[in-house]
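Throughout, residue positions are numbered sequentially from 1 according to the sequence presented. Since this is a predicted model, take the numbers as computed values, not measurements.
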Amino acid sequence: MSTFLFRVGRFSYRRRWVVIVAWLVMLITAAAAGLTLAKPFESTVTIPGTEAQRTLDALAERFPSSRQHATGTIVVQAPKGKTVTTAAVHQVVDGVVGKARDVEGVTTVTAPSTSGGSVSADGTIGVITLGFKAKSNAEVSTTTRTALEEIADHAREEGVTAELGGAAAPKASGEHPAGQTIGILATLLILVLVFRSLRAAVIPFATAMVSVGLGLLLLLTASHFVTLQGTSMTLASMLGLAVGVDYALFIMSRHQKQVRSGVDPADSAGLAVGKAGSAVVFAGATVVVALAALTVVNIPFLTVMGLAAAATVLIAVLVALTLVPAVLGLLGHRIASSRLPFLRSSSKRRTKPTTLGMRWARVATRLRVPVLLLSLAGLGALAVPAASLQLGLTQSQGEALRAQRLIDEGFGPGYSSTLVVLVEGSPGTAVPAAEQLTTKIRALADVGSVSAPQPDGAKDAAVVTVTPDSGPDDARTKQLLSGIRQARGSVERATNTKIGVTGTTAVSIDVSDKLSGALPVYCAIVLGLAVMLLAIVFRSIAVPLKAAVGFLLSMAATLGFVVGIFQWGWLASLLGTETTGPVISFVPILLVGVLFGLAMDYEIFLVSRMREEYTHGRPAAEAMQHGFAKGSKVVTAAALIMVSVFAGTAVAGSGSTTGIGLGLAAGVLFDAFVVRMAMVPAMMAFLGDGAWWMPRFLRRILPDVDVEGERLTHRFAAAHSHGTQQPAGQSATPGEPVR
């Protein structure tokens, strides 16, 4: 592979304009297709096959009026000492109802009613229910939301508290450019420090933007054929930018070092792509495998998100192998120069016998047991909150949160966690079965109220509404749902009916349960695949197992950190978190997929340098130290770039984007600097030669991919010693000059 990649890198360098124009043509073509075929993104999360979703679909067929449309609320609260039925307050509320009916996009408006249960027991809080033309909350236009906000503002001026909830609430401000700008500036600063050149520092960022741009344009094109969520675009752009910069960094840092040592730039580009590019290919493969493996959990929206991100990573790998050396061809020898005097290396610095990386590697060798114990203790302490992980679909923020708090205050938390029971049978069995089940439900714990059965037109189906005493995220509500599903069995058998439970709360619980069940299976699959891949890359048993265990430790710490932030309220004042609650259901499994791929990236980039030194004949401990000294600087820079990009996305986003960005930033921090930078050198020192042991039968079976490019080095040296410029295996004209 390394020989093939050498040819790719050298061709791209020497035929730079052909490669650059080819990528530009692909960008233009993708832009034309994407802008022409793009369709709106989906905002709702559904998992076909869950009971709640099946029942929801059946409910829409039996009761057409219940078909899914966006709904919202305007929650009003009377001034102190008054109620919503007080004449002055009632007049204001009636005005709100009347004006809301005239808003474009609003189809129904239901005024607060004591008989309808939409006025609190003390009469101080009322709920105005809105129905919209739009099918989902995300499709409600900004114009409609703005008009409703103006109506609420007018009510506030009249002394009545009014808060918008559901689809009526203002959309989250979403993007905060300052966060993204800080992340980009931090990335550029790190690249400047690595390359000691602003001109060179811009290249990884520019080529990464090509990866992201092409990836997003292809996703826009795909949205015409498959359903995409906005989170898919966010994840793809965030991951594409991070790995795109990192992969270019690995190749360019080796190229710059080689050119500074006197290697011809064209040959250096080939060698850099052949050696560092081999690591990039396998590192990218682990990320793609981890993301593509989301398909096996059979959850459609996760499958689409995983494949979308995997496609962007694949593009980033191709860009790093071709476009990066092509752009390097525009610089030539100038890649070795520094235009920033304060960052130029002095002669004293160049002859310094040991680097910081070498000093730390020696410390980790000497104190390997304390380093391992301290790392384990730190990660273990951070992982403690993970034991209390709770999953949910949404978390209210801003005005929607204030509306929810008013509802909880006036009606109790169960008002927002209604369960809908659908009984399907015949005209003579559906209603009696519903009545029997109603009796059983009233005997369960945590039941606030149960409605009388409501039959459909044919009277072969009936609906019962159950209002819990607890909120939608409360464990007692989940127990009540389970209790209803257990109680229905005897009724179904006795009446020959079919009974299902649905509603927003039931859908959320079923989605969370399915995702929780899929997480261990997914982890087992990606770990198994990665161990096999790393065994091929390093021809070792201990290194892949060590990498897998290290990832599990960093992942546990990451989940603990996420739980601490979003459930326990750590750093709430600093992050501006208004409330704590369950972690959004799909965040943990996405964190596992993305962080696993990135963790294996760092493992490959760092340990491949150690193996390169080992294959050169150094003793195991010395090879680890020299390999760590050579690889730690670029891995540190890559990790810091990842943290900057992910943290910037967390600050810039909202909702699930914040959770994903913050989790990825923390996960990279833990894995790169605790596991890879501390535990890996300590463990490699502890294992010694055993780190590179593999049974003979496996050595014969597994292919030798030469990821460290050892054969390429020998072939290149042999070719040059004979006056040629090609690696062995290629013909060359004797005496051909080296260009």
Side-chain angles (χ1 to χ4, degrees), residues 194 246 250 253-254 276 279 282-283 286 352-380 382 530-531 534-535 537-555 557 595 598-640 642-643 667-694 707-708:
V194 170
D246 280 2
F250 287 120
S253 60
R254 185 179 283 252
F282 281 96
T286 59
K352 196 172 183 178
T354 57
T355 63
L356 181 61
M358 176 64 79
R359 291 199 295 272
W360 169 246
R362 289 173 178 172
V363 170
T365 301
R366 188 170 65 254
L367 303 176
R368 49 188 175 274
V369 173
V371 168
L372 287 172
L373 292 178
L374 284 173
S375 299
L376 286 171
L379 294 174
L382 283 169
V531 167
L534 291 180
V537 171
F538 294 118
R539 302 185 68 75
S540 162
I541 296 297
V543 170
L545 293 177
K546 168 189 62 61
V549 171
F551 167 72
L552 289 176
L553 291 171
S554 62
M555 193 66 236
L595 288 176
L598 298 180
M600 296 305 103
D601 277 7
Y602 301 137
E603 181 77 10
I604 289 174
F605 289 129
L606 193 61
V607 179
S608 63
R609 297 306 295 262
M610 298 178 187
R611 179 166 177 78
E612 185 177 345
E613 295 296 321
Y614 187 75
T615 57
H616 286 167
R618 293 185 186 273
E622 187 178 335
M624 181 278 291
Q625 293 170 8
H626 282 268
F628 184 88
K630 291 181 177 179
S632 58
K633 178 182 176 181
V634 70
V635 170
T636 299
L640 289 174
M642 289 278 190
V643 171
V668 169
L669 202 63
F670 300 150
D671 192 89
F673 294 103
V674 179
V675 175
R676 309 303 155 189
M677 291 296 178
M679 297 185 70
V680 164
M683 182 57 73
M684 295 294 286
F686 186 82
L687 292 172
D689 289 315
W692 309 112
W693 175 82
M694 174 177 275
V707 71
E708 61 277 354

Where is the tightest heavy-atom contact between [X] and [Y], given as atom of each residue plus distance?
X      : Y      : value
Ala685 : Met624 : CB-CE, 4.0 Å
Ala542 : Gly690 : CB-O, 4.0 Å
Leu606 : Gly631 : CD1-C, 3.9 Å
Asp601 : Ala283 : OD1-O, 2.7 Å
Thr286 : Met600 : OG1-CB, 3.6 Å
Asp689 : Ala620 : OD1-CB, 3.4 Å

Does Val675 form a side chain to side chain contact (heavy atoms under 4.5 Å, CB included) with Leu379? I'd like the steps, not just the answer.
CA-CA 9 Å; Val675 175; Leu379 294 174; 3.9 Å; yes
Less than 4.5 Å apart, any side-chain heavy atom of [X] and any of [Y]?
X      : Y      : value
Phe538 : Val607 : yes
Tyr602 : Val668 : yes
Trp692 : Met684 : yes
Met610 : Val680 : yes
Arg611 : Arg539 : yes
Arg609 : Phe628 : no

Which residues share a side chain to side chain contact (heavy atoms under 4.5 Å, CB included) with Leu552, sequence neighbours left out
Leu527
How many angstroms lie between [atom1] in [X] and [atom2] in [Y], if you round to the nearest 0.5 Å?
X      : Y      : atom1 : atom2 : value
Met683 : Lys546 : CE    : NZ    : 8.0 Å
Phe673 : Ser632 : CZ    : OG    : 10.5 Å
Phe670 : Leu595 : CZ    : CG    : 10.5 Å

Using the side chain to side chain contact (heavy atoms under 4.5 Å, CB included) rule, pick out the option among Val371, Leu367, Leu373 that qualifies with Val369.
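Testing each of Val371, Leu367, Leu373 against Val369, the sole residue satisfying side chain to side chain contact (heavy atoms under 4.5 Å, CB included) is Leu373.
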Qualifying residues under side-chain hydrogen bond (donor to acceptor under 3.5 Å, both in side chains), relative to Arg366, sequence neighbours excluded
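Scan of Arg366 (side-chain hydrogen bond (donor to acceptor under 3.5 Å, both in side chains), adjacent residues dropped) gives none.
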Quick one, Met679 with Leu553, criterion side chain to side chain contact (heavy atoms under 4.5 Å, CB included). Give me CA distance, side-chain angles, the key distance, then yes/no.
CA-CA 11 Å; Met679 297 185 70; Leu553 291 171; 3.8 Å; yes
Under the salt bridge (Lys or Arg N to Asp or Glu O under 4.0 Å) criterion, do Glu612 and Lys630 qualify, and how do the steps go?
CA-CA 11 Å; Glu612 185 177 345; Lys630 291 181 177 179; 5.9 Å; no
Pairs in or reaching into residues 674-684: which pass side chain to side chain donor-acceptor pair (under 3.5 Å), with residues at least two apart or in two chains?
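For residues 674-684, and leaving out neighbouring residues, the side chain to side chain donor-acceptor pair (under 3.5 Å) pairs sorted by first residue read Glu603-Arg676, Asp671-Arg676.
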